[in-house]
Each structure stands twice: as structure tokens, then as C-alpha cells.
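Proteins come first, then strands; the chains are lettered A, B, ... in the order of their sequence lines, and each starts at number 1.
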There are 2 protein chains.
Amino acid sequence: MLHEKGVEQTTLADIARAADVPVGNVYYYFKTKNELVEAAITAHADNLQAMIGALDELPTPQDRLKALLNSWIDQRELTARYGCPTGSLASELDKRADGLDEAVARVMRDLVDWAAQQFQEMGRDDSRELAVALIAAYQGISLLTNTFREPELMAAEGRRLERWIESLA
Amino acid sequence: MLHEKGVEQTTLADIARAADVPVGNVYYYFKTKNELVEAAITAHADNLQAMIGALDELPTPQDRLKALLNSWIDQRELTARYGCPTGSLASELDKRADGLDEAVARVMRDLVDWAAQQFQEMGRDDSRELAVALIAAYQGISLLTNTFREPELMAAEGRRLERWIESLA
DNA sequence: GTCTATATTTAGATAGAC
DNA sequence: GTCTATCTAAATATAGAC
């Protein structure tokens with residue numbers, strides 16, 4: 001729900017209704033709304049870690065990066081509707097005074113670090129810059145895909161990034 | 001203020017205080033908060049149009065695109081603090097039920113269209129895809145620059161995109 | 001056109017029975 | 001652990017004097 005409507009627009013009443021419990025009940029599990037959001041970020045981080053773990057099974061860094069691209073393309077319909085979960089969270093939480101933005105920043109950094117490691121294994125000494133460029137390309141095309149509601153933008157950019165990765169070898 | 005704190009987090013009280021007028025006064029100029037936000041989007045769109053108009057004075061499409069990159073780099077400190085105004089607006093307004101997201105989409109589309117025109121003048125038949133990739137790269141690096149609060153990310157990506165544009169000729 | 005005061009609504013949060 | 005009822009605070013919006 002936080003992905004679909006954002007943190008601000010999602011009320012505890014929304015969450016309670018989705019969980020089919022009365023509103024007051026939510027406070028038995030989370031003392032504040034911020035605590036609930038924090039738990040959601042942690043859950044999202046765990047999902048990403050699991051995904052990265054699966055990618056690490058692949059033999060070469062090129063395979064792993066291309067598999068990441070394909071997972072992005074597979075998610076294009078969802079992205080067109082709601083954007084990238086990590087990116088829209090980062091964008092929204094940055095505007096708030098609470099410290100939740102740091103939790104999202106860590107998630108984003110983990111992803112960049114993982115990508116940098118792949119480029120390094122490909123023998124690139126500009127691995128960090130390439131990783132930032134790759135994740136930025138994904139975040140940006142997610143935003144455009146969402147803004148224009150055109151899933152095919154993600155697919156086209158994914159194919160372009162694939163050619164780019166191949167050209168780096 | 002909408003850029004700094006976002007639409008949701010900026011209250012009419014904030015705006016009234018910044019304008020040094022009482023809260024009720026704002027309603028003399030804008031019937032609703034949404035109307036005020038719409039006016040801000042229009043003003044932002046006008047700013048971008050003026051900027052594009054200035055770029056159009058430059059002789060070649062390469063010059064114009066590189067000048068755009070440099071303006072992004074010049075804004076890196078602001079971007080690190082608050083992100084790209086257009087991008088963070090697009091991300092936030094997408095989550096809301098009102099129709100304001102379409103106004104931002106138009107702003108974003110104008111920018112993509114302008115970039116596509118430059119690539120077309122460079123003789124590229126994939127001008128649309130390149131334009132989407134360029135604006136996506138900017139939106140993405142804006143998000144990362146903001147999330148990590150590292151202005152230098154924008155500078156490095158700007159230089160990388162400059163080399164990329166030169167390689168397309 | 002500007003101001004004060006206030007109405008309305010909604011969301012986050014709490015109290016206490018069961 | 002679950003539920004109903006309620007409190008509180010804040011933000012949008014309005015009324016009406018000046």
C-alpha cells in the first residue's frame with residue numbers, strides 16, 4: 001500500500017481495512033505510524049537482499065547484471081502504475097523531518113554497492129561510477145515510465161542498458 | 001517551498017508565513033491548495049520554457065545538450081538537498097487522486113520532446129529513445145544525488161553524459 | 001484587499017472493556 | 001490480543017469585520 005499510495009496518502013485506516021482489523025488494533029503492533037513505515041522499509045530491504053542473493057547464483061557478473069535488467073523489465077507494468085518502490089520512497093521520505101530517509105538511503109546504497117562489485121569483477125576500475133550510472137538509469141526510467149504511464153519505456157531502456165553492459169566487456 | 005518540503009508537507013500556514021500574510025489571506029488568491037500547487041507548476045513550466053529558449057540560441061544541438069548538462073551540474077547543491085523539482089513533483093503527485101500529475105507529465109514531456117529534437121538534428125533516427133535515456137539519466141542521478149546527499153554524483157554523471165553525447169556524433 | 005476568528009474534517013493516537 | 005469509543009492536533013477552508 002505504501003508503494004501504491006505513498007506514505008503520506010496511506011492512512012492507518014487504509015492499512016487496518018486492508019488487514020481487516022479495527023484501526024486501534026494497529027497500535028498493538030506499531031507504536032507509531034513511523035514505526036510501521038520503518039518495518040515496511042526493512043521488509044522491502046529483505047526482499048531486495050533475497051533477490052540479490054538469487055542473482056549471485058549466476059556464473060558471470062554480466063549474467064547477473066542482465067538478470068537484474070530483466071527483472072526490472074518484468075516489473076514494468078507495476079512500475080508504470082506506481083514507480084520504483086525504493087525510488088518513490090526515497091523521494092518522498094527526503095521531504096520529511098523524521099530519520100526514515102536514512103533507512104531508504106541504506107537500501108539504495110546496498111544496491112549500488114552490489115552493482116559496483118559486478119563491474120569490478122568485470123575488470124573496470126570505474127566500477128563505482130558505472131554502478132551509480134546504472135542504478136540512476138533505472139531510477140530515472142522508472143520515474144518516466146510512471147509519469148507517462150508507458151511500460152514500454154522501461155523495456156526499451158532495459159534493452160539499451162543491456163547493449164551498454166555488453167559493450168563494457 | 002514546494003520543492004524543498006514537497007506538496008504534502010508544505011502547509012498553507014507555511015506559505016502564508018513565508019509571504020508574511022495571515023493564513024486566511026491565501027484564499028483570496030487561490031480557492032484551494034490544489035489551485036495554488038497548479039499555479040506553482042505553471043510557473044515552474046514557464047521557467048523551464050525560458051531556459052529552453054535560451055539554450056536554443058546556441059548554434060549546434062551538441063552545444064545545446066551540453067549546456068543543459070552544465071546547468072544540471074551547476075544546480076547540484078540544490079539537487080543534493082531537494083532533488084529535481086520536476087522529478088520530485090512527478091513522483092509525489094502520482095500518488096494522489098487529483099489530476100495534478102498530468103500537469104507535471106506535460107512539463108516532463110516538453111523536456112523530452114526538446115531533447116529528442118536535438119538528437120534528431122544530430123541525424124539520429126533513434127532520437128526519441130536517446131532523449132528518454134538522457135532525461136531518465138538526469139532524473140535518476142538527481143534522485144541518487146539527493147538520497148545520498150552527494151552533489152558530486154551529479155557532476156560525475158554530467159561529465160559521463162557529455163562524453164556519451166560526443167560519442168553519438 | 002487584508003485581517004481575526006472560527007468552522008470542518010481527518011488522521012494519528014489513546015483508554016479501557018472484553 | 002481484539003475491539004469500540006474517544007481524544008487531540010493539525011490542516012484546509014470559510015465568515016465576516018475592517
Chemist: What is the distance from CG of A:Asp20 to C1' of D:dG1, rounded to the nearest Å?
Modeler: 16 Å

Chemist: Could you run down nucleotides 13-18 of chain D 5' to 3' and tag each one B, S or - for protein heavy-atom contact under 4.0 Å?
Modeler: BB----

Chemist: Can you list, by chain and residue number, the hydrophobic cluster partners of B:Met1 when the side-chain cut-off is 4.5 Å?
Modeler: B:Leu12, B:Ile15, B:Val23, B:Val26, B:Tyr27, B:Tyr28, B:Tyr29, B:Phe30, B:Leu36

Chemist: Tell me: CG of A:Asp14 to P of C:dT10, nearest whole Å?
Modeler: 13 Å

Chemist: Quick one: B:Arg96 CZ to C:dT10 C1', roughly how many Å, whole number?
Modeler: 15 Å

Chemist: Quick check on C:dC3: is either OP1 or OP2 less than 4.0 Å from any side-chain nitrogen or oxygen of B:Tyr28?
Modeler: no

Chemist: Between the side chains of B:Ser71 and B:Asp74, does any donor sit under 3.5 Å from an acceptor?
Modeler: no

Chemist: I need the full list of side chain to side chain donor-acceptor pair (under 3.5 Å) pairs touching residues 138-149 of chain B, with sequence neighbours left out, sorted by first then second residue.
Modeler: A:Asp94-B:Asn146, A:Asp94-B:Arg149, A:Asp101-B:Arg149

Chemist: Side-chain N or O of A:Tyr29 less than 4.0 angstrom from OP1 or OP2 on D:dG1?
Modeler: no

Chemist: Name all residues meeting the salt bridge (charged side-chain N to carboxylate O under 4.0 Å, His left out) criterion together with A:Glu38; count only those two or more places apart in sequence or in a different chain, and write none if there are none.
Modeler: none

Chemist: Please state how far atom CD in B:Glu35 lies from atom P in D:dT12, giving the value in whole angstrom units.
Modeler: 15 Å

Chemist: List for me each residue that meets ring-ring contact (aromatic ring centres under 6.0 Å, His included) alongside B:Tyr82, sequence neighbours excluded, and say none if there are none.
Modeler: B:His3

Chemist: Keeping to residues at least two apart or across chains, list the salt bridge (Lys or Arg N to Asp or Glu O under 4.0 Å) pairs with something in residues 77-90 of chain B.
Modeler: none

